[in-house]
Structure formats: C-alpha cells, structure tokens
Amino acid sequence: MQFQTKWVPEMKIEREQALLMHRQRFGRAGKIFAAPARVNLIGEHTDYTGGFVMPMAIDFKTVAVVSAREDGRAVFYSANYNEDVELEIDSLERAPGGGWSDYPVGVVWSLRQEGVAVGGFNLSLTGDVPLGAGLSSSASVEVVTAMALLSHAGMDLPLERVATLCRRAENEYVGAKSGIMDQFASAGCVANRMMLLDCRSLAYEQLPLPVAERVVICNSMVKHAVATGEYGDRSSEVEAGQAVLQRERPGVKLLRDATLEDLEACRDLMSAASFKRCRHVITENRRVMEARKALLAGDMDRFGALMVEAHVSFRDDFAASCEEVDVLVAIAMQQEECFGARITGGGFGGCTVNVVRAEAAERFVATVRREYSGKTGIDADCFVCKPADGAFALAKNDGGY
Ligand code: GLA
C-alpha cells in the first residue's frame with residue numbers, strides 16, 4: 001500500500017525527539033512512521049465472523065523509528081517500557097515471551113511468513129495510546145512496525161495484506177484472538193471519515209462524520225486485556241454457534257450470512273450462551289448497515305439510537321459489558337447534547353464511545369467526569385476526537401524524511 005508521507009506540524013517536537021532518541025541509542029539516523037489507535041463506532045465482535053464494523057482512527061499513536069544494522073540482528077527499544085529486546089532474525093521462531101515485544105517481534109515473524117526478507121534493523125517505539133482501554137494499542141504497534149519494516153525492506157504491500165499479516169502476528173505469534181478490524185483501521189482510515197469495513201471481503205467505504213458532531217471517548221478505567229480469557233471465551237461461544245449454523249443451514253458460510261430465523265431454527269442444537277452471542281452478532285450486523293444509512297442521511301438521532309441498541313445487545317446478549325461502563329453510558333444518555341453512547345472494543349471494561357454535538361462536547365466531558373466520579377469514585381479520562389488519518393510516514397517540513 002502507498003502509505004502517505006506527510007509533514008504534521010503538531011508532531012514537530014515528537015518527531016524530533018523520537019529521531020534524536022533513536023540516534024542517541026543506536027548511533028544512526030532513522031526513518032520515522034506513525035500508526036494511530038482506533039475507536040469503533042458500531043459493529044462489535046462481528047469482525048471474526050465476516051461481519052461489518054465502523055471504526056475510525058483517533059489522534060493517539062505509536063511512533064516507530066527504524067534504521068539498518070549489518071549483523072542480521074533485530075533490536076527493539078520501547079521508550080514506554082525503557083527496555084531493549086534483541087534477536088537474530090534468521091533464527092526467529094514462534095516463541096512469545098508475554099511482554100510488549102511480542103507485538104513487534106510477531107510482525108517480523110509474520111512478514112517472514114509472507115516471504116518478506118527482513119534485514120538487520122534497529123526499531124525504537126514510543127507512543128501515547130492508553131493501554132488496556134480497548135483503543136487498539138497493540139494494533140497500532142503492529143501496523144507501525146509493519147510499515148517501518150516494509151520500508152526498510154524496500155517493499156510495498158496492499159492494505160489488505162498489511163492488515164492481514166498484522167492480525168496474523170497477533171493471533172499466531174502473540175497468541176491473542178482478534179479479528180481484522182483494528183489492524184485494518186489503524187492502517188487504512190482517513191481523516192474526517194469513519195470506515196465501514198466488510199470483514200469478509202475487506203471491501204471498505206469511507207463515510208463522513210457530520211462536522212457539527214464530535215466523537216467523545218470516555219475511559220471507565222476498568223482494565224481490559226484482549227490476551228486474557230474473556231475475549232477468547234466470547235469468540236469461542238460465537239464460533240461454536242457459527243459451526244452449528246454452518247452445518248445445519250445451507251448457505252451459511254459465516255455467521256454473517258445467518259438470519260435470526262436461521263438462528264432460531266438451530267436454538268436447541270447450541271448452548272444457550274452461543275445462541276445469545278450469535279443473536280448479538282446477527283442483530284449487530286444489521287445495526288451497522290442501518291447506521292450507515294443514517295449517517296448518509298445525516299440522521300444522527302437514528303445513528304445514536306442504534307448505538308444505544310448496540311450497547312444493550314452487547315450488555316444483555318453478549319454479556320460483555322461491566323457495571324462501570326453501564327454507568328458511563330447511562331450518564332451520557334441523560335445529556336441532551338449526546339446522540340448515542342455505547343461500550344467500544346472487546347468489552348469487559350475499557351471505554352465508551354459517544355457521539356456528541358461539537359459545541360457542547362467540553363460540557364459533556366465535564367458532566368460525565370463529575371457524575372461518574374460521584375457514582376463510582378473513579379476519575380474517567382475523556383477525549384474529544386475527530387476521525388484521524390491511518391498510518392503514515394512522518395516527513396520533514398521540506399517533504400523529505
Ligand atoms: C478487539 C479485537 C477486534 C474486535 C473487537 C470487538 O478489539 O481486536 O478484532 O473483535 O475486539 O469488536
């Protein structure tokens with residue numbers, strides 16, 4: 001894919017600091033890249049059964065600087081963890097250690113599975129994506145690493161392959177189950193647009209968010225980790241239900257193809273949990289397509305109502321919300337400037353996503369923080385966001401690296 005190369009004036013200092021840190025550490029000048037986090041507006045737990053999602057990139061990112069080395073080794077440095085990890089590329093095997101470096105190392109492993117010859121390199125990483133908040137810090141690390149190493153190898157791959165190989169790093173190297181949404185969004189989103197992604201065909205469409213609206217993210221501060229069991233439990237329940245539908249209903253290749261009637265016909269053949277999880281996914285796919293229509297018609301009331309329906313389905317059928325997040329959604333929905341609110345990401349904590357009138361966004365944040373802290377004793381981090389660009393190379397202001 002042709003990653004954009006651009007000069008970002010707001011990142012001038014970040015860029016200089018990251019390049020300087022790399023030079024001081026490795027004695028070499030490097031090239032610099034950035035990949036954003038994402039928030040999903042609607043379409044949760046639909047991606048790994050070929051369904052629809054509607055994420056947008058946000059203004060938190062992971063930044064990577066890469067330079068060459070001649071000894072065939074890969075040296076990773078994380079500024080956030082202040083730690084180095086080093087390995088010999090040719091003897092790289094699948095051996096996750098359970099730490100931050102599994103993500104970038106997994107990408108090297110995955111690139112090699114794709115037949116990309118990765119020569120020795122130094123890679124330093126730094127970033128401001130909140131960890132464990134359901135905003136895809138891991139996908140931003142994977143995508144920025146893939147981008148930096150493809151550039152280092154003098155190669156270019158289409159967006160679909162970049163996202164797929166990053167997902168593979170996460171699934172097969174790190175050992176965390178996930179769909180394709182996060183990697184695809186981090187690599188392929190564009191500013192001022194939400195992405196409607198068909199996770200089966202990987203066809204996508206960029207949809208406008210009305211300029212009068214803002215997306216506000218509220219972090220419940222309840223930690224979530226995709227690598228822990230809960231995400232895996234839910235995806236296994238979905239996949240078990242999908243397997244029954246595939247067996248029993250001709251034409252159902254993926255859960256995405258099933259209707260509620262198909263599901264009802266198979267109710268007694270699956271666990272009660274699988275039935276409810278699949279019902280969430282089937283209704284959620286419909287809601288995403290309805291949300292697309294609402295957006296195109298500029299009907300934000302309808303869009304917001306669909307978000308709330310999605311939250312209820314996620315809470316009741318998918319059983320993957322939590323008390324604090326439900327409190328955040330309830331507070332949000334009492335504010336007249338808020339069109340819709342729901343949990344976003346893998347679930348079991350993390351953040352809510354809210355669509356709010358732009359001019360009232362700051363007031364909304366102040367109210368939510370005050371009431372949430374009053375009810376739970378927790379201070380929520382809230383961010384007013386606009387849809388940002390997906391991954392890019394950070395140019396100098398003269399257009400060069
Ligand atoms: C996590 C996964 C995604 C997706 C969401 C839930 O973010 O990484 O692939 O499944 O959860 O929609």
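It should be emphasised that the depicted structure is a prediction, and the values quoted were computed from it without experimental measurement. Both ligands and their constituent atoms are indexed starting at 1 by order of listing.
Using cut-offs of 30° and 60° for the angle between ring planes, the Phe76 and Phe121 rings count as perpendicular. Note on ring orientation: taking the six-membered ring where Trp is involved, the planes of His22 and Phe26 are tilted (angle from 30° to 60°).
If you look at Lys177 next to ligand 1, there are no close heavy atoms at all, none under 4.0 Å.
For ligand 1, one of its N or O atoms has an N or O atom of Asp47 under 3.5 Å away. Looking at ligand 1, you'll find an N or O of His45 within less than 3.5 Å of one of its N or O atoms. Checked against a 3.5 angstrom limit, the closest N/O atoms of Thr46 and ligand 1 fall outside it. An N or O contact shorter than 3.5 Å links Asp182 to ligand 1 by distance. Residue-to-ligand polar distances keep Tyr48 apart from ligand 1: every N/O pair is separated by 3.5 Å or more.
Listed by number with element, the atoms of ligand 1 under 4.0 angstrom from any heavy atom of Arg38 are 7 (O). Proximity to Gly346 (heavy-atom distance under 4.0 Å) selects the following atoms of ligand 1: 11 (O). Close approach to Gly345 involves these atoms of ligand 1, each under 4.0 Å from a residue heavy atom: 6 (C), 11 (O). Interface atoms of ligand 1 facing Met181, defined by a heavy-atom separation under 4.0 Å, are 4 (C), 5 (C), 12 (O).
Ligand 1 lies out of reach of Arg234, whose nearest heavy atom is not under 4.0 Å from it.
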Test log, rule salt bridge (charged side-chain N to carboxylate O under 4.0 Å, His left out), inputs Glu213 and Arg357: CA-CA 5 Å; Glu213 264 64 82; Arg357 253 185 219 91; 5.3 Å; no
Step-by-step side-chain hydrogen bond (donor to acceptor under 3.5 Å, both in side chains) determination, Ser67 to Arg23: CA-CA 9 Å; Ser67 63; Arg23 207 165 44 241; over 6 Å; no
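Note: Tyr204 and Phe184 meet the aromatic proximity criterion, with ring centroids under 6.0 Å apart.
Rounding to the nearest 0.5 angstrom, the gap separating the CD atom in Glu248 from the CE atom in Met270 is 9.0 Å. Atom-to-atom distance recorded for Ser274:OG and Leu255:CG is 10.0 Å, nearest 0.5 angstrom.
Side-chain contact, Ser140 with Arg38: no donor N or O sits under 3.5 Å from an acceptor N or O.
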